[in-house]
Structures are given as C-alpha cells and as structure tokens.
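Below, read A as the first sequence line, B as the second, and so on, with proteins coming before strands; counting in each chain starts at 1.
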There are 2 protein chains.
Amino acid sequence: MSPMHYTRDNMAGLLRGHDINPTHQRIEIAYALFSRQEHLSADQVMAVVNTRHSETSKATVYNTLRLFLEKGLVREVIVDPCKVFFDPNTSPHHHLYEVDSGKLSDIDAEHVQISGLPPLPAGMVTEVIDLIVRVRRKD
Amino acid sequence: MSPMHYTRDNMAGLLRGHDINPTHQRIEIAYALFSRQEHLSADQVMAVVNTRHSETSKATVYNTLRLFLEKGLVREVIVDPCKVFFDPNTSPHHHLYEVDSGKLSDIDAEHVQISGLPPLPAGMVTEVIDLIVRVRRKD
DNA sequence: CAGCAATCTGGACTTTGTCTAATTTCCGGA
DNA sequence: TCCGGAAATTAGACAAAGTCCAGATTGCTG
C-alpha cells in the first residue's frame with residue numbers, strides 16, 4: 001500500500017465508498033480528521049473546520065461524527081471522562097494515553113496478543129476490545 | 001481470605017487504613033460502594049446515600065469519590081462518555097461492558113495474558129492497563 | 001469555652017453533547 | 001429554466017455530568 005496523501009478531493013471518494021453523501025461540510029470534517037492522522041475530539045474538529053470563517057455548526061459536527069461512526073469511517077476512543085476522541089485509524093490497534101498531558105497515540109495491534117479471556121455471556125458478540133495503556137511521567 | 005462482610009463499622013477501619021479521616025458521609029459512601037460489590041456512577045452513589053432523607057450533597061459525593069481514587073480505595077472505569085463508574089475492586093482485573101444495557105462486570109485478570117506491548121516512551125511509567133471488552137446482543 | 005483546621009453545603013457555573021423547528025441546498029422531472 | 005420535495009444544515013434552547021466557591025458546620029485541642 002503506497003503512502004496515502006489525503007486531499008479534499010480524495011475525501012469525496014472515501015465518503016462515497018462508505019455510503020455517505022459527500023457534502024461540503026462532511027468533506028471538511030473528514031479532511032480535518034484524515035489529513036492530520038490524529039485523534040481529535042468533537043470541539044477540536046470544530047475548531048479546525050472553522051479556522052477561517054465560521055462555516056460549520058456545532059450540530060453538524062456532532063451529527064457528522066456520529067454518522068462517520070455508524071458507517072465505520074472512524075472509531076471512537078473513550079479514555080477521558082466527558083471527552084470522546086475520534087480516530088481515523090479503523091484498523092485493529094490499541095491506545096497509549098498519557099494521563100497528564102492528555103496525549104493519545106496508537107499502538108499497533110500486530111504484535112500484541114491477548115489470551116485467556118473467558119467465554120462471552122450467551123447471545124453476546126464482541127463489538128470491540130479496547131486496550132488502553134495509561135502512562136504517567138515518572139517523577 | 002475469608003468472605004468479607006461489609007458493615008458501616010468496617011468502613012471506618014478501611015478508611016483509616018487508607019489514610020482517610022472517616023467522617024459520617026465518607027462512611028456512607030464507602031458502604032454504598034463496598035456493601036454491594038458493584039460499579040456505581042457518581043449519581044448512583046448519590047441516590048443510594050440519599051435514599052431516606054437527603055443527607056449528603058453533590059459536592060461531597062464528588063469530592064469524596066475523588067479522594068477515594070487518590071488514596072487507592074477505588075478505581076475509576078471509563079467506558080461511557082460522560083459517565084464514570086467507580087469500582088470498589090482494586091485488584092487487577094478487566095471489564096466487560098454491554099453497550100446496549102450499560103451493564104458493566106468484572107473479568108478476572110488471573111488467566112488473561114497480554115503480551116507483545118511495545119516499550120513505553122522514555123520517562124514514562126504505566127499507571128494501569130485497561131482492557132475493556134465491549135459486547136452487544138447478537139441480533 | 002475559644003480558636004482553628006477540616007469538612008460539608010447550596011447553588012452558580014462550565015463543558016460536552018442533544019434536540020428541535022426553521023431554513024438552505026441539492027437534484028430530478030416537467 | 002423552474003418547481004417540489006428530500007436531505008442536510010443551522011441557531012439556539014436545553015440537558016446531564018461535573019467543578020468551584022464562599023459561607024456554615026463539625027470536631028478537636030488547648
């Protein structure tokens with residue numbers, strides 16, 4: 001896979017590929033998330049999208065992020081009370097969270113093995129396994 | 001270890017053992033958490049503590065839970081945006097979260113193995129590793 | 001009992017996110 | 001091109017969870 005270069009033009013295709021009607025606002029929000037490969041919270045997305053002039057309303061940002069979630073375009077990472085991060089990386093991976101700074105980074109799942117989990121309750125299926133390593137600066 | 005029976009009287013000792021001045025309110029909050037071995041959110045704790053007459057203020061509940069956290073008496077479980085659970089079980093274990101119902105239960109860590117995690121960034125120490133298995137009812 | 005520190009309290013406030021009703025945009029057909 | 005309706009967007013009111021603060025209470029200790 002060649003190193004992907006994200007442009008606003010790419011975003012339209014990406015959205016269509018996930019069955020999402022690519023509107024101007026949705027393209028901007030997708031571009032904000034994918035061009036910087038980072039974890040952004042909803043208000044960070046808002047800030048990025050509305051840097052120049054206010055273009056996109058709060059409701060649209062929240063609606064769009066939820067839509068992206070449903071369509072599997074992004075993933076939700078819950079590490080901090082009352083601050084959900086959205087992760088443009090949907091491949092299986094884990095997270096490293098620096099509790100002092102709030103910095104969140106990916107841990108590639110390739111070499112991580114989790115074994116010995118008990119069987120699930122009857123009638124349940126695993127949606128996702130979140131593994132979060134919380135670290136602190138050594139004092 | 002014999003099966004522990006939690007009483008309000010025990011709580012005072014437990015608190016003292018964790019360097020916490022056992023006041024009436026703190027004993028009630030600790031008793032709420034430990035007597036039912038469950039994961040409670042802050043407002044569930046409030047509800048339990050204030051069943052009869054309103055006795056304990058919101059501020060005190062939040063302050064006390066944070067104090068318990070700092071002193072290592074309880075553990076915080078972040079599975080749901082804007083709803084932190086407090087877990088009286090501080091022994092190493094993981095969590096199973098049923099996303100539809102919001103039910104949270106423990107997974108004993110004894111047989112679970114996590115291997116292959118990359119080295120931590122320099123100067124960092126692991127605070128805790130949270131492993132959360134999110135499950136959904138099969139449809 | 002006086003003084004003092006620790007604790008508790010109500011209530012105002014903040015932050016994050018949701019809801020709704022009204023507007024705007026987009027698109028296919030006449 | 002113009003029209004009508006569906007989809008999308010919007011501002012702003014609202015809700016829930018949690019924080020903060022200044023004043024009141026409690027409980028020592030001398």
Peer 1: State plainly whether one hydrophobic cluster holds both Val128(A) and Val135(B), where clusters connect Ile, Leu, Val, Met, Phe, Trp and Tyr through side-chain heavy atoms under 4.5 angstrom apart.
Peer 2: no
Peer 1: Could you pull out all residues at least two apart from Arg75(A) that satisfy salt bridge (Lys or Arg N to Asp or Glu O under 4.0 Å)?
Peer 2: Asp130(A)
Peer 1: Can you run down the side chain to side chain donor-acceptor pair (under 3.5 Å) pairs that involve residues 105-123 of chain B, sequence neighbours left out, and say none if there aren't any?
Peer 2: His39(B)-Asp106(B), Asn89(B)-Asp106(B), His93(B)-Asp106(B), His95(B)-Asp106(B)
Peer 1: Would you please confirm or rule out a distance under 4.0 Å between OP1 or OP2 of dT25(C) and any side-chain N or O of Gln25(A)?
Peer 2: no
Peer 1: Taking five pairs at each end of the helix from dC1(C)-dG30(D) to dA30(C)-dT1(D), what angle separates the two helix axes (nearest 10°)?
Peer 2: 10°
Peer 1: Could you write nucleotides 17-30 of chain D as a row of B, S and -, 5' to 3', where a protein heavy atom under 4.0 Å of any base atom gives B, of only sugar-phosphate atoms gives S, and otherwise -?
Peer 2: SBBB----------
Peer 1: Taking salt bridge (Lys or Arg N to Asp or Glu O under 4.0 Å) as the definition, give me every residue that meets it alongside Glu38(B), ordered by chain and number, with sequence neighbours left out.
Peer 2: none
Peer 1: Are OP1 or OP2 of dC8(C) and a side-chain N or O of Ser57(B) less than 4.0 angstrom apart?
Peer 2: no
Peer 1: Identify the pairs formed between an N or O of the protein and an N or O of nucleotides 3-6 of chain C at a distance under 3.5 Å, and give each distance.
Peer 2:
none

Peer 1: Just how far, in rounded Å, is P of dT24(C) from NE2 of His24(A)?
Peer 2: 17 Å
Peer 1: Establish, with yes or no, whether the OP1 or OP2 oxygen of dT9(D) is under 4.0 angstrom from a side-chain nitrogen or oxygen of Thr23(A).
Peer 2: yes
Peer 1: Measure CD/Glu28(A) against P/dA8(D) and give the value in whole Å, please.
Peer 2: 17 Å
